[in-house]
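Contents: one structure, followed by commentary.
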Amino acid sequence: GQDDSDGDGEGDACDDCPFNPDTGVTPPDCGCPTGTRDCSGIVLFDCETNIFDDPFNCGECGTVCGPNSFCNEGVCQCDSEFDDCNGDPQDGCETDINNNPNHCGGCGNECGEEFTCSQGVCVCDPSFDSDGDEICNSVDNCPDVPNTFQENEDGDDFGDACDNCP
């Protein structure tokens with residue numbers, strides 16, 4: 001005997017809908033198992049597509065995940081270093097949020113004039129840091145002497161590293 005996966009009395013080899021009982025509709029509406037669809041349109045390959053992880057058929061047949069994205073549980077999601085900042089599904093996850101100072105670490109997170117984006121974090125642009133301590137001159141309490149921790153024991157406007165009276 002032949003296998004009859006759906007128990008409708010028609011063997012799988014001849015059954016238009018081998019996974020679910022035939023509904024009698026023409027063309028057959030097989031009602032694929034959860035997470036699958038017949039995206040090829042070829043009866044022989046009925047329910048061949050896993051719509052939970054196929055980036056060309058994500059969630060439904062023909063739903064294509066754009067660049068820098070993947071299909072997860074039937075939903076297109078951005079790779080960790082990218083995001084969809086313009087809301088256009090056609091170009092996918094177009095924004096590099098690791099290095100874009102206008103979208104640093106996430107859409108709309110602007111670093112500001114004296115900063116650049118590095119690995120998704122706004123950091124002082126070296127051209128605005130005279131002493132190289134990674135603190136921008138505009139907020140550095142000692143802009144010409146490196147003092148990464150900005151110590152200021154006497155609480156005046158000058159950091160201990162450059163204060164004559166710390």
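Keep in mind that what you see is a predicted model, and the values were worked out from it rather than measured.
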Starting from Val139, walk the hydrophobic network (Ile, Leu, Val, Met, Phe, Trp, Tyr; side-chain heavy atoms closer than 4.5 Å) and list everyone else you reach, by chain and number. Ile135

Salt bridge (Lys or Arg N to Asp or Glu O under 4.0 Å) partners for Glu60, two or more places apart: Arg37

Is it the case that the side chains of Asp140 and Gln150 hold a donor-acceptor pair, with the cut-off being a distance below 3.5 Å and no angle test? yes

What I'd like to find out is whether the side chain of Cys47 reaches to under 4.5 Å of the side chain of Pro33, using heavy atoms alone. yes

Let's go through Cys85 and Cys107 carefully: what are the C-alpha distance in whole Å and the side-chain angles of both, what is the deciding distance for disulfide bond (SG atoms under 2.5 Å apart) to 0.1 Å, and is it a yes or a no? CA-CA 5 Å; Cys85 294; Cys107 296; 2.1 Å; yes

According to side-chain contact (heavy atoms from CB on, under 4.5 Å), who are the partners of Ser138, at least two apart in sequence or on a separate chain? Glu114, Cys136

Between Glu48 (side chain) and Ser40 (backbone), is there a donor-acceptor pair under 3.5 Å? yes

Residue list, side-chain contact (heavy atoms from CB on, under 4.5 Å) with Asp96, at least two apart or on another chain: Phe82, Asn98, Asn99

Suppose clustering is done on Ile, Leu, Val, Met, Phe, Trp and Tyr with side-chain heavy atoms closer than 4.5 Å. Which residues sit in the same group as Val145? none

Donor-acceptor pair, Asn57 side chain versus Gly62 backbone, under 3.5 Å? yes

Share the residues that join Phe128 in a hydrophobic cluster, the rule being Ile, Leu, Val, Met, Phe, Trp or Tyr side chains under 4.5 Å apart at the heavy-atom level. none

Answer yes or no for Cys111 and Cys104: SG-SG distance under 2.5 Å. no

Residues clustered with Val121, ILVMFWY side-chain links under 4.5 angstrom: Val123

Side chain to side chain donor-acceptor pair (under 3.5 Å) filter on Asn141, not counting sequence neighbours, yields Asn147

Under 2.5 Å between the SG atoms: is that true for Cys65 and Cys58? no

Atom of Cys142, atom of Ala161 and distance for their closest heavy-atom approach: SG-C, 3.8 Å

Considering all heavy atoms of both residues, which atom of Asp133 and which atom of Asp131 are nearest to each other, and what is their separation? OD1-OD1, 2.7 Å

Okay, side chain of Asn68, backbone of Asp79: is any donor-acceptor separation there less than 3.5 Å? no

Donor-acceptor under 3.5 Å (His103 side chain, Asn109 main chain): no

Residues two or more places apart in sequence or in another chain: which of them pass side-chain contact (heavy atoms from CB on, under 4.5 Å) with Asp156? Asn152, Asp154, Phe158, Asp163

Do Val64 and Phe56 pass the side-chain contact (heavy atoms from CB on, under 4.5 Å) test, and can you show the C-alpha distance, the side-chain angles, and the key distance before you say yes or no? CA-CA 4 Å; Val64 178; Phe56 299 101; 4.1 Å; yes

side-chain contact (heavy atoms from CB on, under 4.5 Å) against Asn72, all qualifying residues, sequence neighbours excluded: Phe70, Gln77

Using only atom types and a distance under 3.5 Å, with no angle test, would you say the side chain of Asn50 pairs donor to acceptor with the backbone of Phe52? yes

Look at the side chain of Asp129 and the backbone N and O of Glu134, then say whether any donor-acceptor pair between them is shorter than 3.5 Å. yes

Is Asp88 atom CG crowded by more than 12 heavy atoms from other residues, nucleotides or ligands, each under 6.0 Å away? yes

Those residues at least two apart in sequence (or on a different chain) that pass side chain to side chain donor-acceptor pair (under 3.5 Å) with Ser130 are Asn137

Can you name the nearest heavy-atom pair linking Ile97 to Cys117, along with the distance? O-SG, 3.8 Å

For Asp84, all residues meeting side chain to side chain donor-acceptor pair (under 3.5 Å), sequence neighbours excluded: none

